[in-house]
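In what follows, a single structure is set out as structure tokens and then discussed.
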Amino acid sequence: MPTLDRIDAFADDLTAIRRDLHAHPEIGFEEVRTSGIVAEKLTQYGIEVHRGLGGTGVIGVLKGKGGGGKRIGLRADMDALPMEENTNLSWRSTIPGRFHGCGHDGHTTMLLGTARYLAETRDFAGTVHFIFQPAEEGLGGARAMIKDGLFDKFPCDEIYGLHNAPNLALGEIAVFPGPAMAGADFFDITITGYGAHGAMPERSKDPVIVAMTLGQAMQSIVSRNVDPFKSAVLSITQIHSGSAYNVIPGEAKLCGTVRAFADEVRVLIRERMRALAAGIALAFDVEIKVEIRDGFSVLVNQEEQTAVVAGVARDIVGTANVLTTSRPKMGSEDFADMLHAVPGAYFWLGHDGSVPLHNPGYLFDDKLLPIGASMLARIVETRLPVGG
């Protein structure tokens, strides 16, 4: 079975929705217009709508034929990135410093397409919860929804999510069981020294020198402390200090991220970061404050739900286009927190174009919309069969 004919018939409508969302991007917890459009569309489709979970989150509830049955959650993220767009699209971002550079406008539109199809056909027995999540991009939108009672108010027996993938070809779908995306920490390290004239460094406690020493030392954590068979990354992505050529500043900051597939590795790295900071602070007679935030959990796909996605994908795009070899990604995704609460699976959809995610020239391929919508719809029909 290729993409569903009924969804193909309204593919132009989905493209129009996606391009409108793209032109009006909103970042995490500010998705007021986006969530309003989602709620309006769901209402038009005859789906029960609930708003406010996690701030700007939206839940649609749709019951199929007959009573009872299992409950399936389908999730899409809605937020854009705080970055400029560098394309010449007629539907490019109209808001400076805001850009759907990760394709969440496409994910939201796919789930709306699935909702429309299932509302029109109702060829399933059970309940579907359409979960439109805010603030995926590092701000904890999934955790905010869960804290607000997402799975208490809208229980799910299993849950599914997806992401577009420019590194795959159009029509390819990747899914595999086990750890699929890394957990992530974000860190802010503040070094407080003592400033002085740049020509008189002996009168200072130079935080810039300390930052350089600590930064270099931190690069030894993974190579000299982590088991080489357990992947991990520590990246310093920001260095802030000083304001003049002839002034040794009193403060310097290092910021960055840690990625790993095992929580014990993340704990080890945190401990080593703090130990190095304490030792270097003592050696240089400065104060070093280390703040480490748990940003994302490790995303783990369950065997059963992964097999479901792979089976449906074979029907939609053909066996040759379904990739099931385990290739965990160092990127992170807060759908992981939903998978910690409910068994499920997360998969990737390839599309035309090779510009990577989070690049100012990223382009979402609208031909992907019917594929994603069909995948989610068929997962529901497969897992909640009428008469099953």
Worksheet item: Between the side chains of His50 and Glu48, is a donor N or O closer than 3.5 angstrom to an acceptor N or O?
Response: yes
Item to complete: Check the hydrophobic clustering (I, L, V, M, F, W, Y; side-chain heavy atoms under 4.5 Å; chains of links allowed) and say if Ile269 and Ile292 are grouped together.
Response: yes
Worksheet item: Quick one: do Asp334 and Arg143 make a salt bridge, cutoff under 4.0 Å?
Response: no
Item to complete: Share the residues that join Val300 in a hydrophobic cluster, the rule being Ile, Leu, Val, Met, Phe, Trp or Tyr side chains under 4.5 Å apart at the heavy-atom level.
Response: Val298
Worksheet item: Rounded to the nearest 0.5 Å, what separation is found between the CD1 atom of Ile59 and the CD atom of Gln133?
Response: 9.5 Å
Worksheet item: Rounded to the nearest 0.5 Å, how far does CG of Leu21 lie from CD of Glu31?
Response: 11.5 Å
Item to complete: Answer yes when Asp13 and Arg116 have at least one side-chain N-carboxylate O distance shorter than 4.0 Å, and no when they do not.
Response: yes
Fill in: Check: Asp105 main-chain N/O paired with Thr108 side-chain donor or acceptor under 3.5 Å
no
Worksheet item: Given the side-chain rings of Phe364 and His22, with only the six-membered ring counted for Trp, is the space between their centroids under 6.0 Å?
Response: no
Worksheet entry | Under-4.0 Å salt bridge between Glu84 and Arg98 | no
Worksheet entry | SB check Arg75 Asp77 (cutoff 4.0 Å) | yes
Worksheet item: Between Val61, Ile47, Leu62, Leu111, which is the residue that forms a side chain to side chain contact (heavy atoms under 4.5 Å, CB included) with Leu42?
Response: Ile47
Worksheet item: Going from CZ on Phe176 to OH on Tyr346, what distance comes out if it is rounded to the nearest 0.5 angstrom?
Response: 11.0 Å
Worksheet item: Nearest heavy-atom pair of Asp79 and Glu137: which atoms, and what distance?
Response: OD2-N, 2.9 Å
Worksheet item: For Asp188, what residues pass the salt bridge (charged side-chain N to carboxylate O under 4.0 Å, His left out) criterion, not counting sequence neighbours?
Response: Arg293
Worksheet item: Should the pair Arg383-Asp157 be classified as a salt bridge under the 4.0 Å nitrogen-to-oxygen rule?
Response: no
Worksheet item: In Å, rounded to the nearest 0.5 Å, how long is the span from CZ of Phe99 to OG1 of Thr87?
Response: 6.0 Å
Item to complete: Indicate whether the side chain of Arg6 and that of Thr121 have a donor and an acceptor atom separated by less than 3.5 Å.
Response: no
Item to complete: Mind listing the closest non-hydrogen atom pair of Phe347 and Leu376 along with its distance?
Response: CZ-CD2, 4.1 Å
Item to complete: For the pair Lys153 (side chain) and Asp148 (backbone), establish whether a donor and an acceptor sit closer than 3.5 Å, ignoring hydrogens and angles.
Response: yes
